[in-house]
Enquirer: 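Below is the structure I would like to discuss, written out as structure tokens.
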Amino acid sequence: MTTHHKNTNATSSAFGWDFQYNLALYLVMDQDLTQVEKFKVEGPTEDIEIYFRNKEPIYIQAKAQENPYSNSTTNQHLNNAINSLINTVDKVNEKYSEVIYGNNIEIPIRANKYPNLFQGARVNLSYVELPETHKKKIDSIFNKTTVVIDFEKLKQNIRILKITFYGSDDETRYRHIREKVIDRLDEIGFPRFKASKIFSNLQNEFKNNASRRVDLTIKDLGWLIILHSINIEENMVYELFDIPKINETSLKTDFSELILNKSLDFEFVTSVTTEFNKFSLSYPTRRDMVENFVKEHYTRFKDDILNLHDKISSHLLDDLTKVILFQILSSNSDIDRIRKGLDI
């Protein structure tokens, strides 16, 4: 079923806010994640800031129109965005690798020529790639500012990025953001069905980041992906091991925190994965390996769980142990993928 973010769509400013944190998610996933250090939505100097291990930051100014075909505010958005980027370059003492005007506007630079220049789901052009008519439009903004910076350097490193972001239907509005996230997680090694479910959780994380006065490090992003991956595995495990509905409800209601904490307990995880690796050496195929290991060996780990909650009934303890073991082993490969894919 398609959902609608009614509060998000209520006003133009809310629409712009929705675009900003989704653009942040898109652009972070557009980078070489092994080189990203941290990022911030609603940063101290720009709407979006991305910092790297091996180069100066990228600063992004985001502007959006609910009607991307309208020309009523396009020139104002361009003027405000370019001036904001000029001021940012000045504030950071010209320590930047790129600055970007990110928008959803079909004709973000109205220069009376080449109206189809930005036609398409994504068009990302540098200043030097623009037609002369469009360069002159930007030059006129440069010429009016009193800020003193190296404008030749800026011309070499400023980009106009337009991505399609439009409509009240979520599937339509977020289609290209979702594709970017799923494709990047797929490259890291996540199954696409799992990447699709992780996407909406990452949207919320980026939205929430804007209200916090902290950066998100690439390690933070990695753990967020892992945590949301674990939650997906949890929903699969009850059916896989034929856990009674009454036990499922109890585990989800009363033991969710214990399950998560134990699934991330380094010492316990190491013990489980060590035994699993021994088991895998004598197992003929990878198919159903995790499921069969849990079924055959869960009893040897029951005492570790019982030590955390000695009042749990024996029948519930069996199912609790199976859930924890399955989540650890299912997420273990995800953790390896994240560590390699994000170099953390």
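Both backbone and side-chain heavy atoms feed into the values below; hydrogens, waters and symmetry mates do not.
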Enquirer: Rounded to the nearest 0.5 Å, what separates atom CG in Asp304 from atom OG in Ser271?
Expert: 6.5 Å
Enquirer: Run the numbers on Phe52 and Val36 for side-chain contact (heavy atoms from CB on, under 4.5 Å), then give the verdict.
Expert: CA-CA 4 Å; Phe52 299 87; Val36 174; 4.0 Å; yes
Enquirer: Asp220: what forms a side-chain hydrogen bond (donor to acceptor under 3.5 Å, both in side chains) with it, not counting sequence neighbours?
Expert: Thr217
Enquirer: Is any side-chain heavy atom of Glu49 less than 4.5 Å from a side-chain heavy atom of Pro57?
Expert: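 Contact flag for Glu49/Pro57 side chains = no.
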Enquirer: State which residues pass side-chain hydrogen bond (donor to acceptor under 3.5 Å, both in side chains) with Gln119; sequence neighbours excluded, sorted by chain then number.
Expert: none
Enquirer: Determine the minimum heavy-atom distance between Pro108 and Leu78, stating which atoms define it.
Expert: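 Result for this residue pair: O-CB, 4.0 Å.
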Enquirer: Nearest 0.5 Å, please: how far is CD1 in Ile188 from CG in Asp334?
Expert: 10.5 Å
Enquirer: Report yes or no: does Ser280 contribute a side-chain atom to a donor-acceptor pair with the main-chain N or O of Asn277 at less than 3.5 Å?
Expert: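 Between the backbone of Asn277 and the side chain of Ser280 there is a qualifying donor-acceptor contact (under 3.5 Å).
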Enquirer: Between Lys252 and Glu248, is there a side-chain N and carboxylate O pair less than 4.0 Å apart?
Expert: yes
Enquirer: Using side-chain hydrogen bond (donor to acceptor under 3.5 Å, both in side chains) as the criterion, list what pairs up with Asn54, not counting sequence neighbours.
Expert: Gln35
Enquirer: Can you tell me how far apart CG (Leu185) and CZ (Arg337) are? Round to the nearest 0.5 Å.
Expert: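 The CG atom of Leu185 sits 11.0 Å away from the CZ atom of Arg337.
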Enquirer: Is there a side-chain contact between Ser250 and Leu316 in this structure, where contact means two heavy atoms from C-beta onward sitting under 4.5 Å apart?
Expert: yes
Enquirer: Hey, quick one: are Ile324 and Met289 part of the same hydrophobic cluster, counting side-chain heavy atoms closer than 4.5 Å, chains of contacts allowed?
Expert: yes
Enquirer: At what distance, to the nearest 0.5 angstrom, does CD1 of Ile60 lie from CD1 of Ile100?
Expert: 5.0 Å
Enquirer: Using the rule given for side-chain hydrogen bond (donor to acceptor under 3.5 Å, both in side chains), can you reason through Asn292 versus Tyr283, listing the C-alpha separation, both sets of side-chain angles and the distance that settles it, and then say yes or no?
Expert: CA-CA 10 Å; Asn292 286 315; Tyr283 203 79; 2.4 Å; yes
Enquirer: Between Asn80 and Lys63, is there a side-chain heavy-atom distance shorter than 4.5 Å?
Expert: yes
Enquirer: Taking atom types as modelled, find out whether Asn67 and Ser70 have a side-chain donor-acceptor pair closer than 3.5 angstrom.
Expert: no
Enquirer: Check whether any side-chain N or O of Asn87 sits under 3.5 Å from a backbone N or O of Asn83 as a donor-acceptor pair, and report yes or no.
Expert: yes
Enquirer: Among pairs that include at least one residue of residues 137-150, which meet salt bridge (Lys or Arg N to Asp or Glu O under 4.0 Å), considering only residues two or more places apart or in two chains?
Expert: Asp139-Lys155
Enquirer: Between Ile225 and Val41, is there a shared hydrophobic cluster once you connect ILVMFWY residues whose side-chain heavy atoms come closer than 4.5 Å?
Expert: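 Per the 4.5 Å side-chain linkage, Ile225 and Val41 are co-clustered.
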Enquirer: How long is the gap from CG on Leu154 to CD1 on Ile82, to the nearest 0.5 Å?
Expert: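 Interatomic distance, Leu154 CG to Ile82 CD1, rounded to 0.5 Å: 7.5 Å.
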Enquirer: Is it the case that the side chain of Thr321 and the backbone of Leu317 share a donor-acceptor pair, with hydrogens and angles ignored and the cut-off at 3.5 Å?
Expert: yes
Enquirer: Is atom NZ of Lys153 surrounded by more than 12 heavy atoms (other residues, nucleotides or ligands) closer than 6.0 Å?
Expert: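 Enclosed: over 12 neighbouring heavy atoms sit under 6.0 Å from NZ of Lys153.
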Enquirer: Hey, any chance Tyr174 and Ile182 share a hydrophobic cluster, counting ILVMFWY side chains that come within less than 4.5 Å of each other, even indirectly?
Expert: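 No: no chain of side-chain contacts under 4.5 Å links Tyr174 to Ile182.
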Enquirer: Applying side-chain contact (heavy atoms from CB on, under 4.5 Å) to Ile109 and Ile138, what does each step give before you reach the verdict?
Expert: CA-CA 8 Å; Ile109 304 175; Ile138 295 177; 4.0 Å; yes
Enquirer: Is there side-chain contact between Gln327 and Val323, with heavy atoms separated by less than 4.5 Å?
Expert: yes
Enquirer: Looking at Arg53 and Asp343, is there a salt bridge between them, counting it only when a charged N and a carboxylate O are closer than 4.0 Å?
Expert: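 Looking at Asp343 and Arg53, the cut-off is met.
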Enquirer: Can you tell me if Asn79 uses its side chain to pair, donor with acceptor, with the backbone of Asn75 under 3.5 Å?
Expert: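 Absent.
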Enquirer: State whether a side-chain donor-acceptor pair under 3.5 Å links Gln61 with Tyr59.
Expert: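 Per modelled atom types, Gln61 and Tyr59 side chains form no pair under 3.5 Å.
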Enquirer: Going by an N to O cut-off under 4.0 Å, is there a salt bridge joining Asp183 and Arg192?
Expert: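 Yes, this pair counts.
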Enquirer: Measuring only between side-chain heavy atoms, which start at C-beta, is Ile344 closer than 4.5 Å to Leu221?
Expert: no
Enquirer: Between Phe293 and Phe276, does the ring centroid distance fall short of 6.0 Å?
Expert: yes
Enquirer: Can you tell whether the side chains of Lys207 and Asp18 come within less than 4.0 Å, N to carboxylate O?
Expert: no
Enquirer: Per the side-chain hydrogen bond (donor to acceptor under 3.5 Å, both in side chains) rule, what does the pair list look like for residues 101-116, sequence neighbours excluded?
Expert: Glu106-Lys162
Enquirer: Under the salt bridge (Lys or Arg N to Asp or Glu O under 4.0 Å) criterion, do Glu129 and Arg159 qualify, and how do the steps go?
Expert: CA-CA 9 Å; Glu129 294 170 326; Arg159 304 190 71 88; 3.7 Å; yes
Enquirer: Roughly how far, to the nearest 0.5 Å, is CZ of Phe165 from CD of Glu66?
Expert: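 CZ of Phe165 is found 10.5 Å from CD of Glu66.
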Enquirer: Any non-hydrogen side-chain atom of Lys38 less than 4.5 Å from a side-chain atom of Leu216?
Expert: no
Enquirer: Count I, L, V, M, F, W, Y as connected when their side-chain heavy atoms are under 4.5 Å apart, and connections chain through other members. Are Val269 and Ile259 then in the same cluster?
Expert: yes
Enquirer: State plainly whether the residues Glu275 and Arg300 are in salt-bridge range, i.e. N to O under 4.0 Å.
Expert: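 Salt bridge between Glu275 and Arg300, a charged N being under 4.0 Å from a carboxylate O: yes.
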Enquirer: Got a donor-acceptor contact below 3.5 angstrom from the Arg184 side chain to the Gln31 backbone?
Expert: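 At least one qualifying donor-acceptor pair exists.
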Enquirer: Could I get the full list of side-chain contact (heavy atoms from CB on, under 4.5 Å) partners for Ala62, not counting sequence neighbours?
Expert: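 For Ala62, the residues satisfying side-chain contact (heavy atoms from CB on, under 4.5 Å) (neighbours in sequence not counted) are Phe19, Gln20, Leu23, Asp47.
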Enquirer: Can you check whether Ile158 reaches Leu85 side chain to side chain, under 4.5 Å on heavy atoms?
Expert: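 A side-chain contact exists here, since the closest heavy-atom pair is under 4.5 Å.
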Enquirer: Can you tell which of Tyr26, Phe39, Tyr21, Trp17 makes a ring-ring contact (aromatic ring centres under 6.0 Å, His included) with Phe206?
Expert: Phe39
Enquirer: Main chain of Phe199, side chain of Gln203: is a donor-acceptor contact present, judged purely on distance under 3.5 Å?
Expert: no
Enquirer: Do Phe151 and Phe142 have ring centroids that are under 6.0 Å from one another?
Expert: yes
Enquirer: Got Asn201 and Leu224 here, is their nearest side-chain heavy-atom distance under 4.5 Å?
Expert: no
Enquirer: Assess the pair Phe241 and Phe326: is the distance between their ring centroids shorter than 6.0 Å?
Expert: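 Yes, they do, as the ring centres are separated by less than 6.0 Å.
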Enquirer: Less than 4.0 angstrom from a charged side-chain N to a carboxylate O is my criterion; do Glu291 and Lys295 meet it?
Expert: yes
Enquirer: When you measure from the centre of the six-membered ring of Phe190, is the NZ or CZ of Lys194 under 6.0 Å away and within 45° of the axis?
Expert: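 Ring-cation test returns no.
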Enquirer: With a 3.5 Å distance limit and no angle check, can you tell me whether Thr273 reaches the backbone of Thr270 through a side-chain donor-acceptor pair?
Expert: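 Yes, because the side chain of Thr273 sits within donor-acceptor range (under 3.5 Å) of the backbone of Thr270.
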Enquirer: Does a sphere of radius 6.0 Å around CD in Glu257 hold more than 12 heavy atoms from other residues, nucleotides or ligands, not counting ones at 6.0 Å or beyond?
Expert: no
Enquirer: Quick one: does any side-chain atom of Ser282 pair with a main-chain N or O of Phe279 as donor and acceptor, under 3.5 Å?
Expert: yes
Enquirer: Please assess Leu33 against Ile218 for the test side-chain contact (heavy atoms from CB on, under 4.5 Å), listing each intermediate value before the final yes or no.
Expert: CA-CA 8 Å; Leu33 294 178; Ile218 196 65; 4.2 Å; yes
Enquirer: Flag the pair Lys40 and Glu46 as a salt bridge only when some basic side-chain nitrogen lies within less than 4.0 angstrom of an acidic carboxylate oxygen.
Expert: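 Looking at Lys40 and Glu46, the cut-off is not met.
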Enquirer: State yes or no: do Ile50 and Ile160 share one hydrophobic cluster built from I, L, V, M, F, W and Y residues joined by side-chain heavy-atom distances below 4.5 Å, directly or via other members?
Expert: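 Looking at the clustering, Ile160 is in a separate group from Ile50.
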